[in-house]
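Below is one structure; the comments refer to it alone.
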2 protein chains.
Amino acid sequence: MDAYEFIKEAIILGKLEPGMRLGEETLAKELNLSRTPIREAIKQLEAEGLVIPLKRGVGVRRFTKEDIREIYDLRTLLESYAASQAAIHRTEDDLIALAKANELYEHSIEDTSHLDMKSVRRIVKVNQTFHEAIVAASKNSHLRFHISKVVVVPIVFRSFYWYNDFQLKQSLEVHKIIFEAIKNREPERARIAMHEHIFQGRDNVLRHLDDSEISHLLKEEVK
Amino acid sequence: MDAYEFIKEAIILGKLEPGMRLGEETLAKELNLSRTPIREAIKQLEAEGLVIPLKRGVGVRRFTKEDIREIYDLRTLLESYAASQAAIHRTEDDLIALAKANELYEHSIEDTSHLDMKSVRRIVKVNQTFHEAIVAASKNSHLRFHISKVVVVPIVFRSFYWYNDFQLKQSLEVHKIIFEAIKNREPERARIAMHEHIFQGRDNVLRHLDDSEISHLLKEEVK
DNA sequence: GGTTGACTATTTGTATACAAACGGATAAAT
DNA sequence: ATTTATCCGTTTGTATACAAATAGTCAACC
């Protein structure tokens with residue numbers, strides 16, 4: 001496993017918490033590498049905006065409430081466009097992949113009696129598969145590239161952890177509607193459905209942030 | 001000047017041509033640096049998609065006609081959204097910056113009797129200022145971040161060089177309409193005007209590519 | 001007691017040295 | 001003559017060494 005993947009994974013899984021600084025020597029020892037490849041990996045993550053420069057070195061970026069609002073707006077725009085494009089450009093293979101991802105999503109929700117850490121993480125992953133399949137069907141590689149960078153932020157922020165299983169079941173229904181729209185080549189219906197879908201997620205997350213029961217996640221600030 | 005800026009500038013100005021490979025030792029000597037900081041700069045550019053890995057080392061990315069089509073679609077989406085958001089969130093200061101940028105644009109077109117290399121480059125720069133001012137007024141830093149990466153591609157591709165001065169004058173008119181819409185807080189009008197504006201550029205570029213008089217730019221392929 | 005200053009230790013930034021991989025050229029064989 | 005195999009040169013990838021900067025500590029002075 002290379003340094004970039006390792007560090008990114010660590011940030012996504014929360015093993016490296018926001019605000020935490022990335023010690024090069026430490027990471028190097030952990031990966032049995034010298035500092036050189038570590039530094040290069042960090043430079044990449046910096047270009048993606050996952051880590052930010054500190055006075056000395058870099059630290060895991062801490063996303064504010066405002067960041068989350070902006071990111072969700074952007075993601076809504078990009079993914080609803082992707083859905084509409086998918087309805088135009090999708091092939092039969094895309095449909096198969098889409099159906100399969102959706103089926104997996106359905107199963108992983110049904111198999112989950114209550115939402116613990118592990119099951120949420122599994123659902124996140126399957127959900128991602130569905131969304132990625134749509135983006136792939138849109139046949140715009142640059143759109144895909146930028147969406148992949150945008151989507152990482154809510155994951156790092158742990159947005160998904162604030163869903164309840166009613167919302168999850170509702171998501172499944174919307175997924176099915178989106179699938180049908182793409183299958184039937186109805187760009188506008190696909191776009192609107194996806195727009196609602198992500199905006200719903202946005203609202204849910206922002207509501208929780210306003211409740212500020214988890215606002216401690218945001219309290220400290222990197223110097 | 002640091003390595004990242006230097007190499008990026010070189011790519012934008014065409015001093016490093018598409019497909020050309022980036023020799024670390026060469027760049028290091030040119031910048032009076034060792035290979036280490038050069039490599040880090042290259043890693044950043046790689047993360048942004050301006051350079052791509054070759055079998056050995058990296059080379060300046062060659063954008064295909066399909067890339068340009070995708071990029072312009074994406075840019076249309078992002079910037080027309082930015083315009084609509086700007087119409088909502090713009091402050092008085094934003095309007096001042098916008099008016100100023102537009103005035104500069106008007107002057108630099110009027111001062112240009114015919115389109116040589118130098119004047120085109122100046123117009124590109126001023127045009128960029130106007131577009132950036134709109135994005136800034138949208139008050140979404142993440143949107144801004146991604147647009148900045150998307151916009152670079154047409155510049156590297158030299159899309160602007162295929163404009164004639166009638167089209168430039170027409171652009172100015174549209175800029176004024178967009179400005180008015182943002183000033184009057186009309187998001188939808190701003191969005192549509194921007195959409196038309198960029199799509200016009202897209203069509204112009206793609207038409208030229210189809211004419212294939214400049215298709216030699218695309219012919220060789222990096223191994 | 002708190003604040004300021006200097007010293008030290010740790011960590012980053014850069015340069016260089018070394019190992020490995022790739023490409024090109026030359027030569028031999030079919 | 002064309003193709004294949006081996007060798008060598010060049011360039012990248014990684015490790016290490018060294019220089020510079022920052023933060024933390026301890027002490028002295030107000």
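Lettering of chains follows the sequences in order, A, B, ..., and the numbering in each one begins at 1. The figures here come from the full heavy-atom set of this structure, side chains too, leaving out hydrogens, waters and symmetry mates.
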B/Ser138 side chain near B/Leu143 side chain, heavy-atom distance below 4.5 Å: yes
A/His146 and B/His142 aromatic centres sub-6.0 Å: no
Pairwise ring pair (Phe, Tyr, Trp, His ring centres under 6.0 Å) hits with a residue in residues 69-107 of chain A, at least two apart: A/Tyr105-A/His175
Interatomic distance, B/Ile38 CD1 vs D/dT11 P [rounded to whole Å]: 15 Å
Contact state string [nucleotides 8-17 of chain C, B base, S sugar-phosphate only, - no protein heavy atom under 4.0 Å]: --BBBBBBBB
Charged tip of A/Lys149 within 45° of A/Phe145 ring normal and under 6.0 Å: yes
Donor-acceptor under 3.5 Å (B/Thr129 side chain, B/Lys125 main chain): yes
